There are 2 protein chains.
Amino acid sequence: MPQKKSGHVTLTDVARASGFSVSTVSIVLSEAPLSQNVAAATREHVRAMARQLGYHPDAHARSLRRRSTQTIGVLAFDLSDPFCIPIMRGIQSGLHSADYLPLVMDAQTQRKLFDGYLNLLLERRAEGLIVIASWVFEETNLLADVRKNNVPIIIVGRDLTSRGISSILVDNEAGGALAMQHLSDLGHRKIAVIRGPQGMSDSEPRWQGIQRAADQSGTTLDPRLVFELPALADPESGFEGGCRLAREMLASGRSFSAVLAFDDLTALGVVRGLTEAGVRVPEDCSVMGFDDVLPARVATPSISTIRQPLNEMGLKAAEHILHAVKVKTSPTSEPSLLVKASPELIVRSSTALRQSKKKGKAS
Amino acid sequence: MPQKKSGHVTLTDVARASGFSVSTVSIVLSEAPLSQNVAAATREHVRAMARQLGYHPDAHARSLRRRSTQTIGVLAFDLSDPFCIPIMRGIQSGLHSADYLPLVMDAQTQRKLFDGYLNLLLERRAEGLIVIASWVFEETNLLADVRKNNVPIIIVGRDLTSRGISSILVDNEAGGALAMQHLSDLGHRKIAVIRGPQGMSDSEPRWQGIQRAADQSGTTLDPRLVFELPALADPESGFEGGCRLAREMLASGRSFSAVLAFDDLTALGVVRGLTEAGVRVPEDCSVMGFDDVLPARVATPSISTIRQPLNEMGLKAAEHILHAVKVKTSPTSEPSLLVKASPELIVRSSTALRQSKKKGKAS
DNA sequence: AAAGACCATTCAAACGTTTGAATCACAATA
DNA sequence: TATTGTGATTCAAACGTTTGAATGGTCTTT
């Protein structure tokens with residue numbers, strides 16, 4: 001009979017089985033400093049017993065007593081966004097090396113879930129909180145509780161330093177500029193731009209960068225070729241939006257030789273829209289994305305894009321939160337941190353030199 | 001001064017602040033049956049105090065005392081596989097309605113991590129375990145501990161009923177047949193097949209289904225047009241593999257008008273390989289995928305594929321594990337369950353009728 | 001007026017750990 | 001011999017909850 005009555009194997013079980021006291025067993029199995037004083041034979045015996053019974057220390061009891069959970073909450077606004085995964089990987093490796101565990105929650109773009117999980121993370125005594133979100137609800141009052149309970153927090157994907165929250169995100173302004181620069185280096189002058197949706201914090205700085213680079217390269221942006229994605233939560237809506245806007249720009253009658261899309265999914269939508277109208281990418285029209293997510297890499301043509309160093313961003317977030325947890329002693333000491341990661345231009349097959357010949361592509 | 005010395009707000013704090021005993025406060029805040037006996041005024045007062053202090057009950061202490069964690073471990077073999085996300089969503093919604101929380105871990109295809117997290121889930125007293133894995137390591141001895149601790153387990157993505165583990169997966173045989181049937185319905189007779197890698201359990205039944213459907217439609221499969229993916233862990237290796245094999249099949253000199261790829265990523269690789277060689281999809285050659293993941297939907301041409309009802313599978317896994325948790329009383333009572341979900345043919349733009357004219361496409 | 005019934009609240013033990021302090025046996029020192 | 005030291009082990013309290021049993025009340029009921 002492996003387990004006594006119902007539940008798990010406990011320290012008491014191991015103690016009984018090995019003939020030593022609970023204390024000794026605990027000291028041995030948790031490798032406390034005192035375990036140096038325990039006779040080698042005892043150590044071995046206890047360990048063997050524990051192994052045989054399949055003992056696993058109860059993390060809850062341990063956390064309760066040790067007053068530390070070794071846990072960092074990770075709250076993703078939408079895990080299905082391919083953008084999240086590399087960040088999570090970065091976080092995971094950052095935490096792992098410090099023996100911390102990420103507690104991952106997926107809010108699925110729903111505010112109710114977001115608040116509920118925030119609550120849960122507080123209840124589970126996450127020692128710190130990493131929020132992955134380009135969109136986030138305005139001042140969920142739960143955040144006040146996070147403060148009240150003195151839990152450090154950092155957000156990846158948007159700048160909330162203005163509200164005193166440490167933030168780490170890509171330098172959208174630089175990224176936008178990089179994208180525009182690339183297109184103009186290829187000789188494009190008539191460039192359609194699809195801006196991000198209103199609610200999204202990335203939209204504006206990216207647009208600023210685009211304008212700056214356009215100015216610097218002497219390109220003028222035709223306002224009639226500037227579009228905007230609708231503000232929908234679903235990440236696939238970018239694809240739909242790109243598709244629809246591509247049709248619109250063709251229908252508008254304005255000519256253009258390149259499209260600078262807000263993100264990769266949008267770019268893929270644009271490719272779809274153009275292709276269906278008989279416009280070839282990149283021969284007739286170049287298309288740029290932003291983010292460098294998986295679908296952009298495996299599509300044909302592969303999408304030229306601006307890479308966000310997501311992994312590194314996640315890693316840095318982990319490091320920062322661990323640091324903040326260490327020094328938590330002084331409540332409001334450290335000022336909130338802002339990291340702007342450097343974007344990188346990734347040239348693939350969806351962009352090409354402007355064809356001077358037969359360039360008049362769209363109607 | 002919101003919090004007393006350092007940690008979180010506790011029941012004792014609320015008790016002190018409200019002037020009632022810890023018991024009363026607990027009864028009120030946890031809405032225990034006894035709370036009906038508590039004076040309405042008291043209830044309100046206690047609640048207000050708790051809210052004001054930002055009290056959140058300590059989940060660890062609660063689990064310890066209640067001897068139930070309301071937690072199900074979800075161990076994904078590789079979260080970056082787009083295949084996982086919809087399953088997780090299904091699991092999440094299934095658990096949510098029962099007030100259970102998924103504890104998500106990502107093994108990143110590494111055995112060390114897999115075992116480590118399995119351990120962690122045991123330590124955190126997950127009441128049940130859902131493993132998402134098409135690949136899984138042979139008999140990790142941790143699974144013995146799972147048994148020993150009497151934790152119900154179910155695996156999504158492969159059939160382990162032979163080892164007494166409940167399993168839920170797509171009917172690969174039917175799916176393979178569906179795919180082959182679709183191609184032959186379109187008139188294709190010379191069909192190249194890319195089988196899954198050796199180590200992967202899906203590979204064989206899918207191949208069986210393909211053969212059966214080929215037989216039934218009177219198509220003979222040329223062994224020289226049957227390829228196999230190498231056994232690599234990285235999910236993107238499917239893409240690389242498809243790319244390379246497409247080149248190989250063109251170089252082989254055998255003619256073919258369709259490619260049935262093992263999964264969507266492989267299919268996308270094939271599209272890339274063919275396109276780069278000047279073969280048009282689907283005009284010159286049709287390509288089929290399997291899984292219906294995001295990249296297949298947003299690529300152009302979009303990939304015809306066999307959809308796995310991932311969401312439903314996740315949901316079912318959640319329901320099953322919850323059931324198993326309920327009846328856990330009798331240790332080895334229930335026989336292990338096997339669910340084979342029905343695959344669905346999704347026709348998109350990567351497959352088309354065989355062109356009888358100028359069909360001689362490849363070399 | 002005594003017994004019971006009920007309401008509102010509190011006591012105290014328990015969940016499984018960890019750990020500072022205590023115990024005990026025994027050898028070494030003064 | 002009495003003291004000190006030390007090596008091996010155990011005591012007991014604490015972490016923050018929950019909950020069966022107990023406590024005092026107040027109000028009926030006979």
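What you see is a predicted model; the values in this text were computed from it and never measured.
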Per [X] side chain, nearest of listed nucleotides [options]:
{"X": "B/Ala39", "options": "C/dT10, D/dT9, C/dA8", "value": "C/dA8"}
{"X": "B/Arg125", "options": "C/dT17, D/dG16, C/dT9", "value": "C/dT17"}
{"X": "B/Arg67", "options": "D/dC15, C/dC15, D/dT19", "value": "C/dC15"}
{"X": "B/Leu11", "options": "C/dT17, C/dA8, D/dT17", "value": "D/dT17"}
{"X": "A/Thr42", "options": "C/dC11, D/dT9, C/dT17", "value": "D/dT9"}
{"X": "B/Leu64", "options": "C/dT18, D/dG16, D/dT17", "value": "D/dG16"}
{"X": "B/Ser23", "options": "C/dC11, C/dT18, C/dT9", "value": "C/dC11"}
{"X": "B/Val38", "options": "D/dT10, C/dG16, C/dT9", "value": "C/dT9"}
{"X": "A/Ala61", "options": "D/dG16, C/dG16, C/dT18", "value": "C/dG16"}
{"X": "B/Arg65", "options": "C/dT17, C/dA13, D/dT10", "value": "C/dA13"}

Sidechain N-carboxylate O distance under 4.0 Å for A/Arg89, B/Asp78: yes
Note: B/Arg47-B/Glu44 ion pair, threshold 4.0 Å (strictly below): yes
Touch class at under 4.0 angstrom, heavy-atom based, for B/Ser63 against every strand present: nothing
Do [X] and [Y] have side-chain N/O donor and acceptor atoms under 3.5 Å apart?
{"X": "A/Thr71", "Y": "B/Arg124", "answer": "yes"}
{"X": "B/Asn119", "Y": "A/His56", "answer": "yes"}
{"X": "B/Ser26", "Y": "B/Ser23", "answer": "no"}

Interatomic distance where CZ belongs to A/Arg43 and C1' belongs to D/dG7 [whole Å]: 12 Å
Salt bridge (Lys or Arg N to Asp or Glu O under 4.0 Å) between B/Asp115 and B/Arg111, intermediate numbers included: CA-CA 6 Å; B/Asp115 284 0; B/Arg111 184 190 186 123; 3.5 Å; yes
Geometric class of the B/Tyr117/A/His96 ring pair [parallel <30°, tilted 30-60°, perpendicular >60°]: perpendicular
Stretch residues 25-34 of chain A: residues that reach within less than 4.0 Å of DNA chain C through a heavy atom: A/Ser26, A/Ile27, A/Ser30
